[in-house]
Amino acid sequence: MKRTSMEHLAPIIDLGGFRLDLAALLMIVISSVVVFILARVCVSKLSVDNPGKMQNFLEWVVEFVQSIIGMATDYKRGKVYLGLGLTLIMYIFVSNMLGLPFGIVTEPAHGAHSASIFGFDLPSAAEGEHAAYSWWKSPTADAAMTMALSLAVIVLSHIQGLRHNRKHYLKHYFEPWPFFFPINLIETIAKPLTLGLRLYGNIYAGEVMIGVILGMGWVGIPALLVWQGFSIFVGAIQAFVFTMLTMVYIGQASIHEDH
């Protein structure tokens, strides 16, 4: 495995023929715990007369997601997906932010070229280099995670389309003319690809850029501060875009009015 001094190895193990990235799994769990704790803190002291700052924050997020649903489809019929939209936007935003503050890198003892964990061998470093394993990153900087997330919401949209709008759902594959079926089929297959890869590409590129800036030493501190601020903006935008497109796809498949 060839790598430059700026790169670190991912702690990947082989389990029954499946390659599992332990860092990605760890960060997915951490993101879930952070979102759960955040939500619990926001609703721990609910009050109608004197709402706290955290309650106001969560209410603002709820209203923001309601506006997303209203822009994407008919809110009266789409409000059942409020919980889904709220979960997506909070989870993706938190996941996007986790890789920004710091990183955790471990090295094998005595400068070894490889290591093992729980009896599983981790990837080895190139000849003449020391192994270093990166354990802290944004979960959304992993393509497998973002593709799984996008595939889940796309499959949900198809299921809801068949359940609630079967006639129009099946008919749209042959519109405006039957020979457009292959094109519409390609569009359907491309949706999870574009949804997942867009999120992955933006977050992964941001973390790569942070690594490049860190390689500049103390000279890169001003650039790092600027880039960190920009990364927060990008992370928020990507969470919004993913949630918006999810509601659009579900609305197109399951909420269609007769003309």
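By convention here, the first residue in the shown sequence is residue 1. From a predicted model like this one, the values you see are computed outputs, not experimental measurements.
Between the Asn184 side chain and the Glu175 main chain, a donor and an acceptor come within less than 3.5 Å of each other. Although no hydrogens or angles enter the test, the distance criterion places no donor-acceptor pair under 3.5 Å between the side chain of Gln238 and the main chain of Asn202. No donor-acceptor pair under 3.5 Å is formed between the side chain of Thr73 and the backbone N or O of Ile69. Trp136 places a side-chain N or O within donor-acceptor distance of the main-chain N or O of Leu98, the cut-off being under 3.5 Å. Remark: side-chain polar atoms of Trp227 are paired, donor with acceptor, to backbone N or O of Gly206 under 3.5 angstrom. Between the Thr146 side chain and the Gly196 main chain, a donor and an acceptor come within less than 3.5 Å of each other. Of the possible polar contacts, one joining the Ser138 side chain to the Ser95 backbone as a donor-acceptor pair under 3.5 Å is found. The backbone N or O of Met147 sits less than 3.5 Å from a side-chain atom of Ser150, completing a donor-acceptor pair.
Ring geometry for Phe240 versus Phe64: interplanar angle of 30 to 60°, hence tilted. A parallel orientation is assigned to the rings of Phe179 and Trp177, their planes being inclined by less than 30° (bins at 30° and 60°).
Residues Gly85 and Thr243 approach most closely at O-CG2, 3.7 Å, considering heavy atoms. Here the closest heavy-atom approach between residue Gln55 and residue Lys45 is recorded as OE1-O, 3.5 Å. When every heavy atom of His164 is checked against every heavy atom of Ser254, the shortest pair comes out as CB-O, 4.0 Å. Across all their heavy atoms, Asp142 and Ala144 have their closest contact at OD1-N, 3.0 Å. Taking all atoms of both residues into account, the shortest heavy-atom contact from Ser44 to Val41 is OG-O, 2.9 Å.
When side chains are defined from C-beta on, Leu156 counts as touching Gln160, because their heavy atoms get closer than 4.5 Å. A 4.5 Å side-chain heavy-atom check between Tyr91 and Thr140 finds every atom pair outside the cut-off. Taking the side chain as every heavy atom from C-beta outward, Thr188 and His158 approach each other to under 4.5 Å. Inter-residue side-chain proximity for Val43 and Leu46 is flagged as met; some heavy-atom pair is nearer than 4.5 Å. Residues Leu245 and Val153 have side chains not in contact (no heavy-atom distance under 4.5 Å, counting atoms from C-beta outward). Contact annotation: the side chain of Arg19 never approaches that of Ile13 to less than 4.5 Å [non-hydrogen atoms, C-beta and beyond]. Put simply, the side chain of Thr246 reaches to within 4.5 Å of the side chain of Phe242, judged on heavy atoms. Proximity of Ile89 to Val65: side-chain heavy atoms (C-beta onward) are separated by under 4.5 Å at one or more points.
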Taking it one step at a time, do Met71 and Met244 satisfy side-chain contact (heavy atoms from CB on, under 4.5 Å)? CA-CA 8 Å; Met71 289 186 290; Met244 168 66 82; 3.5 Å; yes

One pair to check against side-chain contact (heavy atoms from CB on, under 4.5 Å): Gln228 and Ile210. What are the steps and the verdict? CA-CA 8 Å; Gln228 291 275 24; Ile210 290 175; 4.1 Å; yes

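Electrostatic pairing of Asp21 and Lys137 counts as a salt bridge here, judged by a charged N lying under 4.0 Å from a carboxylate O.
A side chain to side chain contact (heavy atoms under 4.5 Å, CB included) with Ile92 holds for exactly one of Thr87, Val241, Leu199; it is Leu199.
Note on Val33: it clusters hydrophobically with Met90, by side-chain heavy-atom contacts below 4.5 Å among ILVMFWY residues. Under the 4.5 Å side-chain contact rule for hydrophobic residues, Leu170 and Tyr249 do not share a cluster. By the rule that hydrophobic residues join a cluster once side-chain heavy atoms approach within less than 4.5 Å of another member, Leu162 and Ile250 end up as members of separate clusters. Leu185 and Ile159 fall into different hydrophobic clusters, where Ile, Leu, Val, Met, Phe, Trp and Tyr residues are linked whenever their side-chain heavy atoms come under 4.5 Å apart, directly or through other members. One hydrophobic cluster holds both Leu22 and Leu26 under the rule that ILVMFWY side chains link at heavy-atom gaps under 4.5 Å.
Within a 6.0 Å radius of OH in Tyr169, more than 12 heavy atoms belonging to other residues, nucleotides or ligands are found.
Within the model, atoms CG of Leu20 and CG of Asp14 stand 8.0 Å from one another, a figure rounded to the nearest 0.5 Å. For the atom pair CZ of Phe180 and NE2 of His172, the computed distance is 13.5 Å after rounding to the nearest 0.5 Å. Atom-to-atom distance recorded for Tyr81:OH and Tyr75:OH is 13.5 Å, nearest 0.5 angstrom. In this structure, the separation between SG on Cys42 and CD1 on Ile37 is 12.0 Å, given to the nearest 0.5 Å. In this structure, Asn56 CG and Trp60 CH2 are separated by 12.5 Å, a value rounded to the nearest 0.5 Å. Remark: Ile189 CD1 to Lys191 NZ distance equals 12.0 Å, nearest 0.5 Å.
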